[in-house]
A.B. asks: 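Pasting in a structure now, in structure tokens, and then I'll have a few things to ask.
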Amino acid sequence: MAPERIHRFTRTERAMHWTHAGSFFVMLATGLVLYIPSLSTWINRRNAVKNVHLVTAVVWVIALAAVIIFGDRKSLRRTWREVETFDHDDREWLKRRRAPQGRLNAGQKVNTLITAAFAILFALSGFLLWLGERDHRFLFDGTGTVHDLLTFASIALVAGHLYLALLHPSTRHSLRGITTGDVDLDWAMRNHAKWVAEAQRGLPPAEVERETKPVPAEDALI
């Protein structure tokens with residue numbers, strides 16, 4: 001029998017995620033070629049790589065704006081309210097204590113907030129670097145360093161994210177949610193008990209909390 005499933009992410013939420021992820025990996029790859037001398041020499045197309053990097057950055061901003069304008073803004077607002085709200089259970093989870101979690105656990109909320117902050121800083125520092133090449137009045141000390149440090153921090157963050165999304169046994173099922181939109185109900189009850197209770201309405205949250213064992217904090221930054 002096919003497992004019972006529950007809808008987790010809307011098409012707009014999934015489009016936002018994959019638009020950002022796809023653009024990030026292209027910009028990361030081209031950025032590393034520009035940053036690492038041996039790669040730049042090996043590729044031997046620095047100007048072309050730089051143009052791909054800049055064009056991708058522009059496409060990234062436009063695509064995200066398009067998702068927000070033409071997508072389901074209600075679902076995006078709901079998600080953002082979830083991300084910026086940390087209740088008692090979230091704080092307990094961050095203290096590495098067992099606590100039932102909503103549709104997004106506390107680790108996922110922290111990851112989303114950091115990703116959003118990095119995106120803004122990437123866009124601002126990248127724009128200043130581009131503008132500074134054309135008008136030296138906008139050449140500020142440290143702008144390149146900020147951009148580079150953000151890159152290194154992002155690599156570490158994404159590496160952990162990919163490990164949990166692709167390899168870790170207890171969390172990799174969440175990849176289904178961000179690709180197809182739904183997840184197995186049994187998995188959701190083990191990892192996101194409060195969300196399941198809210199979605200099913202007829203099931204008291206306290207009952208779900210007693211029957212489930214949320215994953216530990218180190219398992220869920222995805």
Side-chain angles (χ1 to χ4, degrees), residues 8-9 13-43 49-50 52-57 59-61 63-64 67 79-80 82-84 86 90 93-96 101-126 129 142-181 183 187-188 190-192 214-222:
R8 191 179 186 197
F9 295 116
E13 291 170 310
R14 301 193 317 263
M16 178 71 75
H17 175 274
W18 290 113
T19 297
H20 180 73
S23 301
F24 171 81
F25 283 116
V26 174
M27 288 188 285
L28 175 62
T30 53
L32 288 176
V33 170
L34 296 172
Y35 182 81
I36 301 175
S38 58
L39 285 178
S40 185
T41 302
W42 180 60
I43 298 296
V49 172
K50 186 175 183 179
V52 171
H53 189 82
L54 294 173
V55 170
T56 303
V59 171
W60 167 63
V61 173
L64 289 181
V67 171
T79 299
W80 185 250
E82 290 181 54
V83 168
E84 65 179 2
F86 286 80
D90 290 324
W93 190 94
L94 290 173
K95 295 176 184 176
R96 301 173 66 84
Q101 295 292 286
R103 188 172 68 114
L104 301 174
N105 64 40
Q108 292 164 336
K109 293 179 181 181
V110 171
N111 183 61
T112 302
L113 289 171
I114 293 174
T115 299
F118 279 15
I120 294 171
L121 292 173
F122 264 127
L124 180 59
S125 59
L129 288 172
T143 303
T145 301
V146 169
H147 207 72
D148 294 342
L149 290 177
L150 286 170
T151 300
F152 299 139
S154 294
I155 290 173
L157 190 67
V158 170
H161 186 77
L162 290 176
Y163 167 72
L164 293 171
L166 300 175
L167 300 175
H168 199 286
S170 69
T171 57
R172 63 189 180 192
H173 179 67
S174 61
L175 181 62
R176 177 184 174 85
I178 206 62
T179 52
T180 68
V183 293
W187 178 87
R190 291 194 303 272
N191 294 272
H192 302 274
V215 296
E218 64 270 18
D219 287 355
L221 272 174
I222 59 173

A.B. asks: Please name the pair of heavy atoms, one in L175 and one in A165, separated by the smallest distance, quoted to 0.1 Å.
C.D. replies: CB-O, 3.7 Å

A.B. asks: So which heavy atom on H192 is nearest to which on G102, and how close?
C.D. replies: ND1-O, 2.7 Å

A.B. asks: When rounded to the nearest 0.5 angstrom, what is the spacing between CG in D90 and CG in L104?
C.D. replies: 9.5 Å

A.B. asks: If I take atom CZ from residue F24 and atom CG from residue L157, how far apart are they, to the nearest 0.5 angstrom?
C.D. replies: 8.0 Å

A.B. asks: So how far is it from N105 CG to E82 CD, rounded to the nearest 0.5 Å?
C.D. replies: 11.5 Å

A.B. asks: Mark yes or no for whether Q101, through its side chain, and N191, through its backbone, hold a donor-acceptor pair below 3.5 Å.
C.D. replies: no

A.B. asks: Under 3.5 Å, side-chain donor or acceptor atoms of residues 26-35 against the rest of the protein: list the pairs with distances, not counting sequence neighbours.
C.D. replies:
unit_1: T30; atom_1: OG1; unit_2: V26; atom_2: O; d: 2.9
unit_1: T30; atom_1: OG1; unit_2: M27; atom_2: O; d: 3.2
unit_1: T30; atom_1: OG1; unit_2: H53; atom_2: ND1; d: 2.8

A.B. asks: Would you check if V110 and L94 make a side-chain contact, meaning some heavy-atom pair closer than 4.5 Å?
C.D. replies: yes

A.B. asks: Can a donor-acceptor pair be found, under 3.5 Å and without considering hydrogens, that links the side chain of T56 to the backbone of V52?
C.D. replies: yes

A.B. asks: Take S170 and W187 through the side-chain contact (heavy atoms from CB on, under 4.5 Å) test and state the conclusion after the steps.
C.D. replies: CA-CA 9 Å; S170 69; W187 178 87; 5.9 Å; no

A.B. asks: Would you name the heavy atoms of T115 and H20 that are closest together and state the gap between them?
C.D. replies: CG2-NE2, 3.5 Å

A.B. asks: Just say parallel, tilted or perpendicular for the rings of F122 and F118, cut-offs at 30° and 60°.
C.D. replies: perpendicular

A.B. asks: Determine whether the side chains of T79 and R103 contain a donor N or O and an acceptor N or O closer than 3.5 Å.
C.D. replies: yes

A.B. asks: Check step by step if side-chain contact (heavy atoms from CB on, under 4.5 Å) holds for Y163 and T171.
C.D. replies: CA-CA 9 Å; Y163 167 72; T171 57; over 6 Å; no

A.B. asks: Any side-chain to backbone donor/acceptor pair from T180 onto G177? Under 3.5 Å, distance only.
C.D. replies: no

A.B. asks: Would a distance-only check, ignoring hydrogens and angles, find a side-chain to backbone donor-acceptor pair under 3.5 Å from K109 to E84?
C.D. replies: no

A.B. asks: Donor-acceptor pair, distance only, cut-off 3.5 Å: does the side chain of R14 make one with the backbone of F9?
C.D. replies: yes

A.B. asks: Is a side-chain N or O of W18 found less than 3.5 angstrom from the main chain of E13, in a donor-acceptor match?
C.D. replies: no

A.B. asks: Keeping T19 on the side-chain end and M16 on the backbone end, is there a donor-acceptor pair under 3.5 Å?
C.D. replies: no

A.B. asks: Which pair of non-hydrogen atoms, one from L150 and one from S125, has the smallest distance, and what is that distance?
C.D. replies: CD1-OG, 4.2 Å

A.B. asks: Locate the shortest heavy-atom distance separating W60 from A119; write the atom from each residue and the value.
C.D. replies: CH2-O, 3.5 Å

